[in-house]
Amino acid sequence: MIIIAGLGNPTKEYEGTRHNVGFQVIDKIAEKYNIAVDAKKGRAYVGKGIIEGQKVLLVKPQTYMNLSGESIRELVDYFKVDPKEELLVIYDDISLNPGQIRIRKKGSAGGHNGIKNIIAQLGTDTFQRIKVGVGEKPKGYDLAAYVLGHFHGEDLELMEEGYEKAISATEEILKGEIDAAMNEYNRRVKPKEE
């Protein structure tokens, strides 16, 4: 079984914020494949299903972003999955343009507290991930305020495209095609002209 975890913060007030794009992608995958992500398992909402012939567990940790690893570790231990091969984490990235995605097999947290906590809890930085760009924080903005803010205008459309790309990338990864997905989605995108 493959655990696909989207990162975010629980409760209504965080819905639709930049920091919750992981939840958004999970919701969209769940909708596409008719998987209800409403069962409580440990400290997460989960839903079991089949995507691309693979058994999957869609996961929305409920520990708040900075403790995401606690929730994910409980599930990794319970289902005895190998994080290197059977865990995919989807989350927001402020170093990518809105809607741009980047796929990695391993790496540092890059300043993302949710990922930092997952690495600390699992004791490894080797797990597959899809980063979904939310755009750079404007100068002078508080980072927390920015990532907990909402998308506006053109960014909303770009994010919809980003969610679709993240779903396609997830499907490719489930087919065992992570390298092909990386080739397709990790190309440098020119920043938009001001």
Side-chain angles (χ1 to χ4, degrees), residues 1-10 19-30 32-93 96 101-132 163 165-186:
M1 181 164 69
I2 309 247
I3 292 178
I4 304 172
L7 304 189
N9 285 309
H19 227 13
N20 272 33
V21 300
F23 278 13
Q24 286 280 106
V25 174
I26 292 294
D27 289 344
K28 289 183 180 293
I29 293 172
K32 179 173 180 178
Y33 288 95
N34 213 2
I35 299 169
V37 184
D38 56 5
K40 199 85 164 86
K41 181 92 191 131
R43 291 182 287 168
Y45 280 112
V46 302
K48 287 183 179 172
I50 306 258
I51 301 175
E52 296 298 341
Q54 281 280 6
K55 277 205 299 210
V56 298
L57 185 73
L58 300 181
V59 175
K60 291 164 74 173
Q62 298 296 298
T63 44
Y64 288 90
M65 181 62 85
N66 295 355
L67 299 176
S68 299
E70 294 182 8
S71 165
I72 289 172
R73 195 200 69 234
E74 289 169 6
L75 295 168
V76 163
D77 291 349
Y78 181 85
F79 290 104
K80 298 179 176 47
V81 303
D82 172 5
K84 186 177 169 189
E85 303 289 333
E86 299 164 325
L87 173 64
L88 172 62
V89 180
I90 303 169
Y91 62 101
D92 59 292
D93 189 321
L96 298 172
I101 71 166
R102 179 133 315 139
I103 302 161
R104 292 271 183 267
K105 293 180 186 176
K106 62 175 193 220
S108 75
H112 193 289
N113 289 334
I115 296 296
K116 215 175 275 180
N117 189 252
I118 294 171
I119 292 170
Q121 289 289 328
L122 296 179
T124 180
D125 69 355
T126 307
F127 53 88
Q128 303 172 112
R129 44 194 104 169
I130 299 174
K131 306 191 232 188
V132 181
Y163 300 143
K165 286 186 227 168
I167 293 168
S168 301
T170 300
E171 292 163 346
E172 284 193 56
I173 289 167
L174 289 171
K175 287 186 218 164
E177 301 286 341
I178 189 167
D179 292 324
M182 287 169 78
N183 287 338
E184 183 174 346
Y185 293 110
N186 290 2

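Reckoned from all heavy atoms, side chains included, excluding hydrogens, waters and symmetry mates.
When atom types are taken as modelled, the side chain of T126 and the backbone of K106 share no donor-acceptor pair closer than 3.5 angstrom. A donor-acceptor pair under 3.5 Å links the side-chain atoms of N117 to the main chain of G69, judged by distance alone. With hydrogens and angles ignored, the 3.5 Å screen pairs no side-chain donor or acceptor of E184 with any backbone N or O of A180. Remark: side-chain polar atoms of N20 are not paired, donor with acceptor, to backbone N or O of G8 under 3.5 angstrom. Counting only distance, with no hydrogens or angles, the side chain of R129 and the backbone of G107 share a donor-acceptor pair below 3.5 Å.
For the atom pair CD of Q128 and CD1 of I3, the computed distance is 12.5 Å after rounding to the nearest 0.5 Å. Of the inter-residue distances, the one linking L88 atom CG with I2 atom CD1 reads 8.0 Å to the nearest 0.5 angstrom. In this structure, I115 CD1 and S68 OG are separated by 7.5 Å, a value rounded to the nearest 0.5 Å. From Y33, atom OH reaches atom CD1 of I167 across 8.5 Å, with rounding to the nearest 0.5 Å. Expressed to the nearest 0.5 Å, how far CG of D125 lies from NZ of K116 amounts to 13.5 Å. If you take CD1 on I51 and CD1 on I35, they are separated by 4.0 Å, rounding to the nearest 0.5 Å.
Legend: residues meeting salt bridge (charged side-chain N to carboxylate O under 4.0 Å, His left out) with D92, ordered by chain and number and at least two apart, are absent. Listed by chain and residue number, E160 satisfy the salt bridge (charged side-chain N to carboxylate O under 4.0 Å, His left out) test with K28 (two or more places apart in sequence, or in another chain).
At least one test fails for K165 against the ring of Y185: distance under 6.0 Å to the centre or angle within 45° of the axis.
Taking the six-membered ring where the residue is Trp, H112 and H19 present tilted rings, their angle falling between 30° and 60°.
Considering every non-hydrogen atom in both F127 and P83, the closest pair reads CB-O, 3.5 Å. When all heavy atoms of L57 and V46 are compared, the closest pair comes out as CD1-CB, 3.8 Å. Across every non-hydrogen atom of A169 and I101, the tightest pair is CB-CD1, 3.8 Å.
Residues in residues 45-60 take part in these side chain to side chain donor-acceptor pair (under 3.5 Å) pairs, two or more places apart or across chains: D27-K60.
The neighbour count for K40 NZ, taken as heavy atoms of other residues, nucleotides or ligands under 6.0 Å away, is above 12.
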